[in-house]
Amino acid sequence: QVQVVESGGGLVQAGDSLRLSCVASGRTFRSYAMGWFRQAPGKEREFVAAVSWNGGNTYYTDSVKGRFSIARDNAKNTVYLQMNSLKREDTAVYYCAAGEYGGTLSTQYDYWGQGTHVTVSS
């Protein structure tokens, strides 16, 4: 069982940066791939970024490539999402998730946090 808790959301202006954090409980954190998803109002949840269990592989949806960066610190049971050059369309609830293999589909993750709100104003 893994519990994940996100933090770091807030209200920012377009062009600003924000770093989201996700702390996971359990000694098995290092064996899970971790992903970030987001859900904007009235839209379906979508994949944002993922990182392999050892941080060696990262994946991004096209709309955030070059602006967002995912990283993990297994010693701290934490995964980060650094978001730069934020745009209004990045406004969403951001969810952290843990999965045995990870991937770009929400069904590939077993444990989810409650989400953290990110609002980008113009």
Side-chain angles (χ1 to χ4, degrees):
Q1 188 77 10
V2 177
Q3 292 183 324
V4 295
V5 179
E6 308 93 336
S7 64
L11 172 63
V12 297
Q13 293 187 332
D16 284 352
S17 297
L18 205 58
R19 189 177 78 162
L20 305 183
S21 298
C22 170
V23 179
S25 65
R27 294 177 294 174
T28 58
F29 171 78
R30 63 181 66 238
S31 67
Y32 284 92
M34 299 297 295
W36 285 96
F37 288 75
R38 66 187 180 186
Q39 187 166 16
K43 295 187 177 181
E44 295 185 354
R45 190 173 299 188
E46 65 171 353
F47 169 76
V48 176
V51 60
S52 59
W53 68 273
N54 64 353
N57 293 294
T58 58
Y59 309 90
Y60 301 92
T61 192
D62 287 344
S63 63
V64 307
K65 285 180 180 177
R67 299 189 299 122
F68 290 13
S69 177
I70 188 171
R72 66 188 297 162
D73 184 341
N74 285 344
K76 297 182 178 179
N77 278 20
T78 302
V79 62
Y80 304 98
L81 184 68
Q82 178 67 42
M83 304 186 295
N84 299 327
S85 301
L86 282 161
K87 304 176 180 181
R88 285 191 62 185
E89 50 264 43
D90 295 318
T91 295
V93 178
Y94 283 72
Y95 297 91
C96 177
E100 185 174 1
Y101 299 107
T104 62
L105 302 176
S106 59
T107 52
Q108 294 172 303
Y109 294 83
D110 304 301
Y111 306 102
W112 292 81
Q114 293 300 306
T116 184
H117 290 256
V118 173
T119 302
V120 183
S121 64
S122 59

Next on the checklist: I'd like to know if Leu20 and Phe37 are part of one continuous hydrophobic network [Ile/Leu/Val/Met/Phe/Trp/Tyr, side-chain heavy atoms within less than 4.5 Å].
Outcome noted: no
Checklist entry - What's the spacing between Thr61 OG1 and Phe68 CZ if we round to 0.5 Å? => result 10.0 Å
Checklist entry - Is there a path of hydrophobic side-chain contacts, each under 4.5 Å between heavy atoms of I, L, V, M, F, W or Y residues, that connects Met34 with Val48? => result yes
Next on the checklist: Any side-chain to backbone donor/acceptor pair from Ser17 onto Asn84? Under 3.5 Å, distance only.
Outcome noted: no
Item to check | Cation-pi geometry met for Arg67 and Tyr60 (6.0 Å, 45°) | outcome: no
Next on the checklist: To the nearest 0.5 Å, what is the distance between CH2 on Trp36 and OH on Tyr95?
Outcome noted: 12.0 Å
Checklist entry - Which heavy-atom pair separates Glu100 from Asp110 by the least distance, and what is that distance? => result N-OD2, 3.8 Å
Next on the checklist: Please check: side-chain N/O of Asp90 versus main-chain N/O of Val64, any donor-acceptor pairing under 3.5 Å?
Outcome noted: no
Next on the checklist: Taking CD in Glu89 as the centre, count heavy atoms belonging to other residues, nucleotides or ligands within less than 6.0 Å. Is the count above 12?
Outcome noted: yes
Checklist entry - Short question: side chain of Glu6, backbone of Gly115 - any donor-acceptor pair under 3.5 Å? => result yes
Checklist entry - With sequence neighbours excluded, what pairs up with Glu46 under the salt bridge (charged side-chain N to carboxylate O under 4.0 Å, His left out) test? => result Arg38
Next on the checklist: Ring of Trp112, cation from Arg45 - is the NZ or CZ under 6.0 Å from the centre and inside 45° of the axis?
Outcome noted: yes
Item to check | Transitive ILVMFWY side-chain link Leu81 to Val120, under 4.5 Å | outcome: yes
Checklist outcome for this item: So NE2 of His117 and CG of Leu11: to nearest 0.5 Å the spacing works out to 12.5 Å
Next on the checklist: Determine whether a donor-acceptor pair (N or O, by modelled atom type, separation under 3.5 Å) exists between the side chain of Thr78 and the backbone of Lys76.
Outcome noted: yes
Checklist entry - Minimum heavy-atom separation for Ala71 to Val79, with atom names? => result O-CG2, 3.1 Å
Item to check | Rounded distance (nearest 0.5 Å) linking atom OG of Ser21 with atom CG of Asp73 | outcome: 10.5 Å
Checklist entry - Nearest heavy-atom pair of Asn74 and Trp53: which atoms, and what distance? => result ND2-O, 3.1 Å
Item to check | Parallel, tilted or perpendicular: ring planes of Tyr111 versus Tyr32, cut at 30 and 60 degrees | outcome: perpendicular
Checklist entry - What are the two closest heavy atoms between Thr91 and Ala40, and how far apart are they? => result O-CB, 3.6 Å
Checklist outcome for this item: Correct closest heavy-atom pair for Leu86 and Met83 would be CD2-CB, 3.8 Å
Checklist entry - Where is the tightest heavy-atom contact between Val2 and Ala24, given as atom of each residue plus distance? => result CG1-CB, 4.0 Å
Next on the checklist: Any non-hydrogen side-chain atom of Gln13 less than 4.5 Å from a side-chain atom of Ser122?
Outcome noted: no
Checklist entry - Under a 4.5 Å cut-off applied to non-hydrogen side-chain atoms, are Phe47 and Leu105 in contact? => result no
